Engineer: 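For reference, the structure I am asking about is given below.
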Amino acid sequence: MITFSYSQLLGLVAPETILVLTALVVLAVDLLVMRESSLRDRFLVSGLFATVGLIIAGAWLLAINVPAPGAHEVVVGLPMLTGMYVDSALGRLVKVAVLVLTLCTIVMSLAATFTKHVGEYLALILLATVGMLFLISAEDVLMIFIALELTSLSLYILTAFNKRSLRSAEAALKYFLFGGMSAAFMLFGLSYLYGLSGSTGLHEIAARLGGPILDPLVAAAIVMVAIGFGFKIAVAPFHLWAPDTYQGAPTPSAAFIASGSKVASFFVLAKVMTLGLAHSGGSAGWGGYAPGWLPVLAVLVVLSTFLGNLAAIAQTNVKRLLAYSAIAHAGYALLGILANSPAGLTALVFYVITYGLTVLGAFAIVGLVEEATGEARLVDFAGLGRREPMLAFCMLIFLLSLAGIPPLAGFFGKFYLFAAVAAGGANLSLLWLVVFAIAMSAVSLYYYLQVLKQIYVAPSPAEPIALRVPAATRVLLALITLVILVLGCAPNLLLGYLLAAQ
Amino acid sequence: MNEFPLISVLTFTPLLGAALLLLPGVGDKGRARGTALAFSLLTLVLAGGLWWHFDPAARDLQFVEKHDWIPSLHAQYFVGVDGLGILMVLLTAMVTPLALLASYRIADKGPAYYSLLLFLQAGLLGTFTALSFLHWFLFWELSLIPAFFLIKLWGGPRRSEAATQFFIYTMVGSISLLLAFLALYLTAGTFDFIELAAKGRSGELARLLSSKLPAGSWPALAREQLPLVIFAGALLGFAVKVPLIPFHTWLPATYAEAPTGVTMMLTGLMSKMGVYGFLRLLLPIFPDQMRLVLTPLLWLAVATIVLSAFAAFAQKDLKKVLAYSSINHLGYCLLGIFAVAKATGSDAQWTTEKTAALNGVLLQMFNHGLTAPILFCFVGFLEARSGGLRGLASFGGLRKVAPVFCGLMGIAMFASLGLPGLNGFVGEFLIFKGVFPLVTWAAALSVLGLLITAVFLLTVIQRVFNGPLNPQWTGLADLSRRELWLVVPATVLMLAIGLCPQLLIGHFNTTVMVMVEHLKF
């Protein structure tokens, strides 16, 4: 037995520690020093501290003690702790992506006016990020559950943060009730896995659950876990909270739920399925059905892409539209897990990262429109192309990327995902899913173009309300647009790192 | 390997122009048009340089640039031209400035319009030079988006429906193409057109595909049928674009509703993307599958030729007449391509016929790319003068008030119906010369199309130019100097090619011979 020291442990979780300290500093500074300052100054100073903390954590992840590609550095010492915290090269990249998305969220909220509790708001964002980072590193069901709850609880509060809005409160309550329910399902499923295998580590679970025939109890556990995660990542038919939450939550919170938390949740879901249930996959191939988690996920993919895309067509509020499109995109992303291969994991990570960035940008613009007009209906975007050509152009790029039009990052994300899943099943047998997903993604073009039609074709209202666009948001949008264009033309800039890290 | 990346520079020049036009400083309309024109002329000069330095006798691809792009997907940035590619590049570079000139009336959101048009040109140039699927597909789609917005924002009264129809059709085509090539990539492990063609020729591709499909895994499909399904997917993508009847229904509305400049790009260049796809991808990669369904394909080509000619005859709207006539002319190209695909063994006589037919196809692509846009441009002039009227019966006796207009449009129409001495004749003659011995019945039936084309084009001349002058148009202005600048160079070119087709054929004959050699085994 190797001796175990706390300093070693703290060194390993340094980025998370830094973030926790940052959150405390932000809270203290805002409450103790900035009490009397204007809202704007408080956001600026606290945001600055948070940014510094995020950058230090990111630099640590990229520079210090980076594990070799493929190698998994596991905290050992107490046997009970095995798999609690795994430091891998790929995990670090995903963590950096989450940090970048958090940073974007913080920049987005700098000009917010919906709350006076600046310190609490930013601290909660940082604490949610800590949860996500732990989630990415966890390979142990207990740890996964705790990290997931840390993230979720922070997100519930972030959703409710606009105390002046009834919608915000309603959104948070729905999110909370659904979230609590899903946690119960998940815990129930995980308890079965523990009971059957006698371990909470994903590797041990996999090793002890292997068998030629799927145990019915394992099947029940799979379904429960899928339901639990299904709620968290908002795939149909567990998506009902998403449109209301996206619409009611303050825009930066909604963007954060749609971007950062998705990246972390998908990564850990992929781990639970491909590592923890490695031998219980079954098959979702055409004409080659075998029970396991693959067919369960395939059903979720079909339902999400179908319902998400069709329901989005009927929306008149752009936030709700983005919510339904998020459901559809969650369906596509599940394909990466279905591929059940390293290529699939890479494709999944690339997809959720680019999706997160895009949707964050789109939410930022929708938030600006909503702030000016009070609501983000489709007609509120009329004539935006003339009034705000730069915002309109950014929105064009974001929506076309979400629709998967080349040469934008969204196209490569989807293409890589589809290629991975088609290659994943033996004998092209998963091609039917690809065909279905592509057909559904063609449907999605329609509603994205509806928004663009309002922006570019519809005439401006007689007395348009001027948008107030903070300079920081403008810079942020320009940067995201640039990244999406560049990653579309040269996806290898990101893909190369992801592949090298595996 | 060439030291100077001429093709990349050529492709990115219009893209640079498009980006420049989006900058806020170029807001004023006149300057935007000047900038766009300057960039398109610069592209033309570069294309001219490419044409000049192209070695007509070389059998290999020229001006090749090859760089790794996404190593994990084996995707490369791979460009190069052979005789086919360079012909299309030249055509694109020539038609775009004409389309820009024809758009001088665009008043609303001028910079955006010109920017999108240059964007479209970049997409086309990329499509005609890219030799690796992913990179090619990027440009293929890149040309679709500006075309959609150009129709949707600047088109005629029913532009919204037309744009949507256009988009849906071409998008479905693109998706089926993407799926087909995804399946090819997963079996052959490459996106490279040249490698795929080599594997297709040797039959290795079909073997790989069947081995991917153990018996019984896809219940409804026999082993041998998978390559055929994939071929059908790719075929759909190109058949919509050309179009091949029955995938043509988007075209008349789109051509009629798009603004003149855009219609010129659509008919002159975007329809060639389809034919190009047949020549660059379907024929080399899937020769066996094409042979399996050759007879139905030939029937479709004959139907395209004959039915579209009849449809054109029945139209009352000049733009729709030209739209159907455009389908008809591209039908000859498809007829030539399908006939060439016929298995004939290695008899030297067939080789000559096939070479003739393929030379004809390439020439016809260029001729149609030149003549059809000019005809649409003339109708655009007429429309501008008459305040939007373009009915066949709305005019009459225009010859008396606008002799130069009628004379030049007459030349273009005769070129279109294939009068000897003008460019249209040589291409169609070569196609029929080649196709007739190869598949006599198809050629014989298609002659009917030639006849009807002559009839409806002469009807147009008779109704619009001749007869008693419609008193409404006594004040109709003849061509202005600006319009002459547009049409005279094109007319000179029609005559030049008609009299000396060797100017073009010389550049692509070697490529055609290589293609025919590859087909014969």
Side-chain angles (χ1 to χ4, degrees), chain A residues 285-288 342-343 346-347 350 385-386 389-390 393 396 400 403-408 411-412 414-416 418-432 434-435 437-439 441-443 445-446 449 452-453 456-457 488-496 498-500 502, chain B residues 22-24 27 68-75 77 109 111-112 123 126 134-142 144-145 148-149 152-153 159-160 163-164 167-168 171-172 174-176 178-179 181-183 185-187 189 191 209 211-221 226 229-230 233:
Chain A
W286 188 262
T346 317
F350 183 85
R386 279 164 207 264
M390 185 224 154
F393 179 73
L396 172 85
L400 289 182
I405 301 282
L408 300 168
F411 168 74
F412 268 99
K414 269 190 192 152
F415 184 83
Y416 203 50
F418 292 160
V421 74
N427 311 320
L428 298 176
S429 60
L430 283 175
L431 207 57
W432 69 274
V434 178
V435 173
I438 290 187
S441 108
V443 171
L445 250 178
Y446 176 79
L449 287 178
L452 291 179
K453 186 176 156 193
Y456 280 104
V457 185
C489 294
N492 216 41
L493 290 178
L494 177 58
L495 217 49
L498 295 180
L499 285 170
Q502 269 209 344
Chain B
L22 283 179
L23 293 182
D68 270 348
W69 181 34
I70 315 172
S72 51
L73 282 176
H74 306 281
Y77 178 83
K109 293 176 266 189
L134 258 189
H135 154 219
W136 173 87
F137 187 75
L138 225 100
F139 281 106
W140 170 274
E141 287 293 294
L142 199 59
L144 177 59
I145 294 151
F148 170 75
F149 281 109
K152 176 124 188 166
L153 296 183
R159 57 183 180 238
S160 225
T164 309
F167 199 74
I168 291 176
M171 203 65 203
V172 168
S174 296
I175 287 171
S176 81
L178 186 64
L179 274 174
F181 275 85
L182 191 58
Y185 166 70
L186 292 174
T187 42
F191 279 123
L209 279 171
S211 71
K212 269 267 166 183
L213 198 73
S217 62
W218 284 53
L221 211 63
L226 187 63
V229 170
I230 290 171

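The structure presented is a predicted model; accordingly, all values stated were derived computationally and were not measured. To find a chain, count down the sequence lines: A is the first, B the second, and so on, and within it residues start at 1.
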Engineer: Taking the side chain from B:W69 and the backbone from B:H74, do they hold a donor-acceptor pair closer than 3.5 Å?
Structural biologist: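 A pair under 3.5 Å: no.
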Engineer: Answer yes or no: is there a side-chain heavy-atom contact under 4.5 Å between B:W140 and B:S174?
Structural biologist: yes
Engineer: For A:L396, is it the side chain, the backbone, both or neither that has a heavy atom under 4.5 Å from a heavy atom of chain B?
Structural biologist: side chain
Engineer: Can you sort out the partners of B:F148 under side-chain contact (heavy atoms from CB on, under 4.5 Å), two or more places apart, ordered by chain and number?
Structural biologist: A:L449, B:K152, B:A163, B:F167
Engineer: Tell me every residue that passes side-chain contact (heavy atoms from CB on, under 4.5 Å) with B:I145, counting only those two or more places apart in sequence or in another chain.
Structural biologist: A:L400, A:I405, B:F149
Engineer: What residue, out of A:A439, A:S441, A:C489, A:G488, has the most heavy-atom pairs lying under 4.5 Å from chain B?
Structural biologist: A:C489
Engineer: Shorter than 4.5 Å, heavy atoms on both sides: which option in A:F418, A:F411, A:Y456 has the most such pairs with chain B?
Structural biologist: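 Sorted descending by pairs with chain B, the first entry is A:F411.
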Engineer: Within a reach of under 6.0 Å around OH of B:Y77, are more than 12 heavy atoms found that belong to other residues, nucleotides or ligands?
Structural biologist: yes
Engineer: Flag the pair A:P407 / A:F412 as yes when at least one side-chain heavy-atom distance between them is below 4.5 Å, and no otherwise.
Structural biologist: no
Engineer: Against chain A, label B:L182 side chain, backbone, both or neither, depending on which of its atoms sit under 4.5 Å from a heavy atom there.
Structural biologist: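 B:L182 touches chain A through side-chain heavy atoms alone.
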Engineer: With a 4.5 angstrom heavy-atom cut-off, which part of B:L144 approaches chain A: side chain, backbone, both or neither?
Structural biologist: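 Neither part.
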Engineer: With a 4.5 angstrom heavy-atom cut-off, which part of B:L179 approaches chain A: side chain, backbone, both or neither?
Structural biologist: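 B:L179 touches chain A through side-chain heavy atoms alone.
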Engineer: Can you say whether B:L134 sits under 4.5 Å from chain A via the side chain, the backbone, both, or neither, judging by heavy atoms?
Structural biologist: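 Contact with chain A is through the side chain of B:L134 alone.
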Engineer: What part of A:I438 is in contact with chain B, defined as an atom under 4.5 angstrom from a non-hydrogen atom: side chain, backbone, both or neither?
Structural biologist: both
